[in-house]
Amino acid sequence: MTNLSDHQLLDLYPKLSSDFFAVSADILAPKLLGKILVKLEAAGVLAGQITEVEAYTGFNDPADHGYRGRSQRNQSLFLEAGHLYVHRIHRYHCLDIVSDTEGFPGSVLIRSMEPFVGIETMQTRRGKSDLAALLTGPGKICQAFAIDTTFDGASICQSNSQIFLLDTPDIPDSKITRSPRIGISVAKDKLLRYYLSNSRFLSR
DNA sequence: AGCTAGATCTACT
DNA sequence: GTAGATCTAGCTA
(Lines give C-alpha, C1' and ligand atoms only; values in the text may rest on other atoms or scores of the structure.)
Protein backbone atom coordinates (compact mmCIF):
# COMPACT_ATOMS: atom_id res chain seq x y z
CA MET A 1 0.00 0.00 0.00
CA THR A 2 2.88 2.36 0.65
CA ASN A 3 3.84 2.29 -3.03
CA LEU A 4 0.36 3.14 -4.21
CA SER A 5 0.28 6.45 -6.08
CA ASP A 6 -2.15 9.20 -5.12
CA HIS A 7 -4.03 8.71 -8.36
CA GLN A 8 -4.47 4.96 -7.85
CA LEU A 9 -5.65 5.39 -4.28
CA LEU A 10 -8.29 7.97 -5.13
CA ASP A 11 -9.60 5.92 -8.07
CA LEU A 12 -9.72 2.67 -6.13
CA TYR A 13 -12.48 3.53 -3.67
CA PRO A 14 -15.55 5.78 -3.78
CA LYS A 15 -15.96 8.72 -1.43
CA LEU A 16 -18.25 8.04 1.54
CA SER A 17 -21.49 10.04 1.37
CA SER A 18 -23.51 11.66 4.14
CA ASP A 19 -26.00 8.81 4.68
CA PHE A 20 -23.10 6.62 5.85
CA PHE A 21 -22.51 8.98 8.78
CA ALA A 22 -26.17 9.56 9.70
CA VAL A 23 -26.35 6.84 12.38
CA SER A 24 -25.63 6.92 16.10
CA ALA A 25 -21.98 7.44 17.05
CA ASP A 26 -21.57 4.02 18.67
CA ILE A 27 -22.75 2.38 15.44
CA LEU A 28 -20.66 4.61 13.20
CA ALA A 29 -17.43 4.29 15.19
CA PRO A 30 -16.53 0.65 14.34
CA LYS A 31 -17.63 1.20 10.72
CA LEU A 32 -14.99 3.93 10.39
CA LEU A 33 -12.18 1.52 11.22
CA GLY A 34 -10.22 0.65 8.08
CA LYS A 35 -11.61 3.63 6.13
CA ILE A 36 -9.09 5.99 4.52
CA LEU A 37 -8.98 9.67 5.47
CA VAL A 38 -7.78 11.89 2.62
CA LYS A 39 -6.79 15.55 2.62
CA LEU A 40 -6.07 17.38 -0.63
CA GLU A 41 -3.41 20.08 -0.32
CA ALA A 42 -1.84 22.30 -2.96
CA ALA A 43 1.46 20.48 -2.46
CA GLY A 44 -0.05 16.99 -2.67
CA VAL A 45 -2.27 14.38 -1.10
CA LEU A 46 -2.25 13.15 2.49
CA ALA A 47 -3.92 9.86 3.37
CA GLY A 48 -4.07 7.35 6.19
CA GLN A 49 -6.15 4.38 7.31
CA ILE A 50 -8.19 4.76 10.49
CA THR A 51 -7.09 2.28 13.19
CA GLU A 52 -8.63 3.68 16.39
CA VAL A 53 -11.75 5.75 17.16
CA GLU A 54 -13.97 6.80 20.05
CA ALA A 55 -17.74 7.39 20.01
CA TYR A 56 -19.32 10.36 21.83
CA THR A 57 -23.04 9.77 22.02
CA GLY A 58 -24.50 13.26 22.38
CA PHE A 59 -27.09 14.01 25.05
CA ASN A 60 -26.69 10.47 26.43
CA ASP A 61 -23.02 10.99 27.17
CA PRO A 62 -21.60 13.32 29.88
CA ALA A 63 -18.20 13.14 28.15
CA ASP A 64 -19.63 14.56 24.91
CA HIS A 65 -18.83 18.23 24.29
CA GLY A 66 -22.44 18.82 23.28
CA TYR A 67 -23.94 17.18 26.38
CA ARG A 68 -24.85 20.52 27.99
CA GLY A 69 -26.20 22.04 24.81
CA ARG A 70 -24.98 24.24 22.04
CA SER A 71 -22.17 26.75 22.59
CA GLN A 72 -19.66 28.72 20.58
CA ARG A 73 -17.08 25.94 20.65
CA ASN A 74 -19.30 22.97 19.91
CA GLN A 75 -21.84 24.32 17.41
CA SER A 76 -20.57 22.19 14.52
CA LEU A 77 -21.46 19.07 16.55
CA PHE A 78 -25.08 20.07 15.93
CA LEU A 79 -24.71 20.11 12.14
CA GLU A 80 -25.99 17.22 10.05
CA ALA A 81 -23.88 14.08 9.76
CA GLY A 82 -20.76 14.21 7.59
CA HIS A 83 -19.31 17.46 8.91
CA LEU A 84 -16.13 17.94 10.91
CA TYR A 85 -15.90 19.05 14.53
CA VAL A 86 -12.39 20.36 15.27
CA HIS A 87 -11.52 21.66 18.72
CA ARG A 88 -8.35 22.65 20.52
CA ILE A 89 -7.02 20.82 23.56
CA HIS A 90 -3.87 22.23 25.20
CA ARG A 91 -1.44 22.84 22.31
CA TYR A 92 -3.18 20.49 19.88
CA HIS A 93 -6.38 19.91 17.94
CA CYS A 94 -8.77 16.95 17.82
CA LEU A 95 -10.80 15.81 14.81
CA ASP A 96 -14.33 14.38 15.04
CA ILE A 97 -16.74 13.20 12.36
CA VAL A 98 -20.27 14.40 13.17
CA SER A 99 -22.86 11.57 13.27
CA ASP A 100 -26.60 11.26 13.90
CA THR A 101 -29.07 13.92 12.76
CA GLU A 102 -28.93 17.71 12.67
CA GLY A 103 -29.47 19.05 16.19
CA PHE A 104 -28.13 15.93 17.96
CA PRO A 105 -24.45 16.32 18.98
CA GLY A 106 -23.09 12.80 18.41
CA SER A 107 -19.66 12.31 16.87
CA VAL A 108 -16.71 9.97 16.42
CA LEU A 109 -13.20 11.05 17.44
CA ILE A 110 -10.43 9.84 15.13
CA ARG A 111 -7.69 8.72 17.52
CA SER A 112 -5.13 6.86 15.39
CA MET A 113 -4.26 6.09 11.80
CA GLU A 114 -1.70 4.24 9.73
CA PRO A 115 0.07 6.67 7.36
CA PHE A 116 -0.35 5.83 3.64
CA VAL A 117 0.33 8.86 1.42
CA GLY A 118 2.27 12.07 2.08
CA ILE A 119 4.47 10.49 4.73
CA GLU A 120 7.34 12.95 4.24
CA THR A 121 5.05 15.91 4.87
CA MET A 122 3.70 14.22 7.99
CA GLN A 123 7.23 13.54 9.24
CA THR A 124 8.24 17.16 8.74
CA ARG A 125 5.17 18.54 10.51
CA ARG A 126 5.49 16.07 13.37
CA GLY A 127 9.25 16.37 13.74
CA LYS A 128 9.41 12.58 13.94
CA SER A 129 10.35 9.94 11.38
CA ASP A 130 9.11 6.76 13.05
CA LEU A 131 5.89 5.78 11.25
CA ALA A 132 4.32 4.55 14.47
CA ALA A 133 4.82 8.02 15.99
CA LEU A 134 3.16 10.00 13.19
CA LEU A 135 -0.60 9.48 13.62
CA THR A 136 -1.08 7.53 16.89
CA GLY A 137 -3.08 10.12 18.82
CA PRO A 138 -5.73 12.72 17.96
CA GLY A 139 -3.36 15.67 18.40
CA LYS A 140 -0.73 13.98 16.25
CA ILE A 141 -3.19 13.40 13.41
CA CYS A 142 -4.20 17.06 13.31
CA GLN A 143 -0.58 18.20 13.45
CA ALA A 144 0.49 15.86 10.62
CA PHE A 145 -2.53 16.77 8.46
CA ALA A 146 -2.40 20.48 9.38
CA ILE A 147 -6.00 20.40 10.57
CA ASP A 148 -7.00 23.28 12.82
CA THR A 149 -10.20 25.11 13.71
CA THR A 150 -10.46 26.58 10.20
CA PHE A 151 -11.79 23.11 9.31
CA ASP A 152 -14.35 23.16 12.12
CA GLY A 153 -17.79 22.74 10.51
CA ALA A 154 -16.42 21.73 7.08
CA SER A 155 -18.29 19.07 5.11
CA ILE A 156 -16.53 15.85 4.11
CA CYS A 157 -19.31 14.87 1.68
CA GLN A 158 -19.22 17.64 -0.94
CA SER A 159 -17.62 17.13 -4.36
CA ASN A 160 -15.21 19.97 -3.54
CA SER A 161 -14.41 18.85 0.03
CA GLN A 162 -10.73 19.15 0.86
CA ILE A 163 -11.05 16.39 3.45
CA PHE A 164 -13.07 13.21 2.87
CA LEU A 165 -13.17 9.47 3.53
CA LEU A 166 -12.77 6.56 1.10
CA ASP A 167 -15.12 3.59 1.40
CA THR A 168 -12.91 0.55 1.89
CA PRO A 169 -14.43 -2.86 2.76
CA ASP A 170 -15.86 -3.20 6.29
CA ILE A 171 -13.69 -4.73 9.00
CA PRO A 172 -15.21 -7.88 10.57
CA ASP A 173 -16.18 -7.60 14.26
CA SER A 174 -13.73 -10.37 15.09
CA LYS A 175 -10.83 -7.99 14.34
CA ILE A 176 -12.18 -5.11 16.46
CA THR A 177 -11.55 -4.57 20.19
CA ARG A 178 -13.70 -2.33 22.46
CA SER A 179 -12.34 -0.59 25.53
CA PRO A 180 -12.98 2.42 27.77
CA ARG A 181 -12.18 5.81 26.25
CA ILE A 182 -8.88 7.56 26.95
CA GLY A 183 -8.21 10.91 28.59
CA ILE A 184 -11.71 11.74 29.85
CA SER A 185 -12.80 12.44 33.43
CA VAL A 186 -16.43 11.31 33.27
CA ALA A 187 -18.25 8.24 31.90
CA LYS A 188 -14.97 6.33 32.01
CA ASP A 189 -16.79 3.00 32.24
CA LYS A 190 -18.43 3.10 28.80
CA LEU A 191 -16.79 0.85 26.19
CA LEU A 192 -16.82 3.40 23.37
CA ARG A 193 -13.23 3.14 22.14
CA TYR A 194 -12.81 0.82 19.15
CA TYR A 195 -9.56 -0.25 17.53
CA LEU A 196 -8.13 -2.77 15.08
CA SER A 197 -6.96 -5.54 17.41
CA ASN A 198 -3.76 -6.38 15.57
CA SER A 199 -2.72 -2.87 14.49
CA ARG A 200 0.62 -1.45 15.56
CA PHE A 201 -0.70 2.07 14.92
CA LEU A 202 -2.53 2.75 18.19
CA SER A 203 -2.29 5.43 20.88
CA ARG A 204 -0.85 4.61 24.33
C1' DA B 1 -11.75 40.77 34.03
C1' DG B 2 -9.80 36.93 35.99
C1' DC B 3 -9.72 31.80 36.75
C1' DT B 4 -9.84 27.01 35.57
C1' DA B 5 -9.92 22.69 33.31
C1' DG B 6 -9.14 20.14 29.40
C1' DA B 7 -11.29 14.05 24.20
C1' DT B 8 -2.80 16.05 24.46
C1' DC B 9 2.03 15.36 23.87
C1' DT B 10 6.89 15.27 25.03
C1' DA B 11 10.71 14.58 27.70
C1' DC B 12 12.30 13.35 31.35
C1' DT B 13 13.27 9.68 35.69
C1' DG C 1 4.70 7.06 35.60
C1' DT C 2 4.59 12.07 35.94
C1' DA C 3 5.51 17.09 35.30
C1' DG C 4 5.20 20.94 32.40
C1' DA C 5 4.10 23.40 28.06
C1' DT C 6 0.38 26.23 26.30
C1' DC C 7 -4.27 28.44 24.98
C1' DT C 8 -8.97 29.28 24.86
C1' DA C 9 -13.94 28.51 25.85
C1' DG C 10 -16.84 28.74 29.53
C1' DC C 11 -17.73 29.96 33.98
C1' DT C 12 -17.91 32.96 38.07
C1' DA C 13 -18.28 37.87 39.66
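Each chain gets a letter, A, B and so on, in the order the sequences are listed, and its residues count up from 1.
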If you compare every side-chain N and O of [X] against the phosphate oxygens of [N] (OP1, OP2), does one of them come in below 4.0 Å?
X       : N      : result
S185(A) : dA5(B) : no
R91(A)  : dT8(C) : no
R88(A)  : dC7(C) : no

Spacing between [X] atom [atom1] and [N] atom [atom2], to the nearest angstrom:
X       : N       : atom1 : atom2 : value
I97(A)  : dA7(B)  : CD1   : P     : 18 Å
I184(A) : dG6(B)  : CD1   : C1'   : 12 Å
H87(A)  : dG10(C) : NE2   : P     : 11 Å
H93(A)  : dT6(C)  : NE2   : C1'   : 12 Å
D96(A)  : dA7(B)  : CG    : C1'   : 8 Å

What nucleic acid atoms does [X] come within less than 4.0 Å of, heavy atoms only: base, sugar-phosphate, or nothing?
X       : value
R111(A) : sugar-phosphate
K188(A) : nothing
Q72(A)  : sugar-phosphate
H65(A)  : base
R204(A) : nothing

Determine, for D189(A) against R181(A), whether the closest basic-nitrogen to carboxylate-oxygen distance falls under 4.0 angstrom. no

Under a 4.0 Å threshold between the charged nitrogen and the carboxylate oxygen, would E41(A) count as salt-bridged to R125(A)? yes

Separation between CG (L16(A)) and CG (D167(A)), nearest 0.5 Å, reads 4.5 Å

With rounding to the nearest 0.5 Å, note down the distance linking CG in L37(A) to CE in M113(A). 4.5 Å

When you get a sec, tell me which of dA7(B), dT8(B), dT10(B) is the closest nucleotide to the side chain of K140(A)? dT10(B)

Look at the side chain of R73(A) and decide which nucleotide, out of dA9(C), dA7(B), dT8(B), has an atom nearest to it. dA9(C)

Considering Watson-Crick and G-U wobble pairs with both distances under 3.5 Å, what does dT6(C) pair with? none

